[in-house]
Amino acid sequence: MRALSQDFYERPVLDVARDLIGCTVEHGDAAGVIVETEAYHESEPACHAFVGLTPRTRTLFGAPGRAYVYRSYGIHALLNAVCEPEGVGAAVLIRALAPLAGIDAMRARRGLERGALAGSRSAAAQLEQLCSGPGKLTQALGVSLAENGGCLSSGPVRIGPRARGWRDPPLLEGTRIGISRAVELRWRFCVAGSRHVSRPWPSAAGGADAARR
DNA sequence: CATGGGATTGACT
DNA sequence: GTCAATCCCATGC
């Protein structure tokens with residue numbers, strides 16, 4: 001897979017968040033198509049970079065096109081792509097994928113081979129929920145905190161351009177999930193109608209749910 | 001040095 | 001719907 005170059009990321013973070021929809025993320029044998037993103041920028045308080053340059057935010061303020069991986073709720077590793085010129089703290093959170101490759105390995109890492117999670121769901125539902133959240137997709141891909149600061153062009157985590165069939169995905173936008181500040185900003189993007197996105201699922205028809213937000 | 005709060009998920013009522 | 005798990009790190013004393 002040819003990867004996106006640094007100048008793709010060295011742009012306004014909202015543009016990158018939109019343009020990453022439909023792009024491909026791969027780590028080892030596993031890969032998926034990005035179907036949901038959120039933008040974060042140092043100018044608003046939901047962004048970790050809002051507090052300024054600290055050991056935690058060093059990657060965020062660093063060169064664009066690197067991975068910013070941090071631990072959330074003590075449990076999950078969340079994957080971001082650092083954006084904007086070096087010195088500006090901004091990143092796109094990858095929130096959901098449509099699985100493409102390495103699905104058996106992803107299922108194993110997610111613990112879906114057995115137990116309650118596996119048993120009661122259809123195969124289609126399992127595939128839809130394999131990477132339908134920012135913590136789920138890092139677990140499925142095997143991405144850990146060790147990947148923080150890594151280059152997204154040269155790996156180990158790499159992001160490539162939109163593949164055939166994902167050239168012009170229909171986008172929905174809404175407010176970001178799971179934050180307590182700057183909740184009004186509509187900086188969340190996803191593929192309209194995709195069942196691989198995290199909850200709440202935006203209405204595919206652009207109905208009440210999409211209009212409300 | 002102690003404390004508190006998450007860019008979440010899965011299990012349970 | 002509620003809630004615990006679990007840890008990094010920013011903040012304040």
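In what follows, chains are A, B, ... by sequence order, proteins preceding strands, each numbered from 1.
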Quiz item: Judged by modelled atom types alone, do Glu36(A) and Ser198(A) share a side-chain donor-acceptor pair under 3.5 Å?
Solution: yes
Quiz item: When the distance from CG of Leu145(A) to C1' of dG6(B) is rounded to whole Å, what number comes out?
Solution: 15 Å
Practice problem: Kindly say whether Leu93(A) contributes a backbone atom to a donor-acceptor pair with the side chain of Thr37(A) at under 3.5 angstrom? | Solution: no
Quiz item: CD of Glu36(A) versus P of dA7(B): gap in Å, rounded?
Solution: 16 Å
Exercise. Calculate the interatomic distance between His41(A) atom NE2 and dA7(B) atom C1'; express it in whole Å.
Key: 16 Å
Quiz item: Looking only at side chains, do Ser43(A) and His41(A) share a donor and an acceptor under 3.5 Å apart?
Solution: yes
Quiz item: Hey, does the side chain of Glu147(A) reach the backbone of Ser144(A) with a donor-acceptor pair shorter than 3.5 angstrom?
Solution: yes
Quiz item: Taking atom C1' of dA7(B) as reference, at what distance in whole Å does atom CD of Glu42(A) sit?
Solution: 17 Å
Self-check item: d(OH, Tyr73(A); P, dC3(C)) in whole Å
Solution: 15 Å
Self-check item: Between dC7(C) (P) and Tyr70(A) (OH): distance, integer Å
Solution: 17 Å
Quiz item: Quick one: Tyr68(A) OH to dC8(C) P, roughly how many Å, whole number?
Solution: 13 Å
Quiz item: With centres under 5.5 Å and planes under 30° as the test, does Tyr40(A) stack with dA7(B)?
Solution: yes
Quiz item: Just the dot-bracket of DNA chain B, please: which string comes out with Watson-Crick or G-U pairs under 3.5 Å, [ ] for crossing, | for another strand?
Solution: ||||||.|||||.
Quiz item: Expressed in angstrom and rounded to an integer, what is the separation of Asn148(A) atom CG from dC7(C) atom P?
Solution: 18 Å
Exercise. Respond yes when some side-chain nitrogen or oxygen of Arg95(A) is under 4.0 Å from OP1 or OP2 of dT8(B), and no when none is.
Key: yes
Quiz item: Closest nucleotide of DNA chain B for Gly133(A) versus for Ser180(A): which of these residues is on the 5' side?
Solution: Ser180(A)
Exercise. Please state whether the phosphate of dG10(B), meaning OP1 or OP2, lies under 4.0 angstrom from any side-chain nitrogen or oxygen of Arg110(A).
Key: yes
Quiz item: For DNA chain B, what residues of residues 47-66 of chain A have any heavy atom nearer than 4.0 Å?
Solution: His48(A)
Practice problem: Ignoring hydrogens and angles, tell me if any N or O in the side chain of Ser194(A) forms a donor-acceptor pair with the backbone of Val191(A) under 3.5 Å. | Solution: no
Exercise. Determine whether the aromatic ring centres of Tyr40(A) and His48(A) lie less than 6.0 Å apart.
Key: no
Quiz item: Only one of Leu97(A), Leu100(A), Leu137(A) forms a side chain to side chain contact (heavy atoms under 4.5 Å, CB included) with Val25(A), so which one is it?
Solution: Leu97(A)
Practice problem: Flag this pair as yes if the NZ/CZ of Arg11(A) is under 6.0 angstrom from the six-membered ring centre of Tyr9(A) and inside a 45 degree cone about the axis; otherwise no. | Solution: no
Practice problem: Please tell me which of the listed nucleotides, dA7(B), dC8(C), dA5(C), lies nearest to the side chain of Ile75(A)? | Solution: dA5(C)
Quiz prompt | Donor-acceptor under 3.5 Å (Thr138(A) side chain, Ala77(A) main chain) | solution = yes
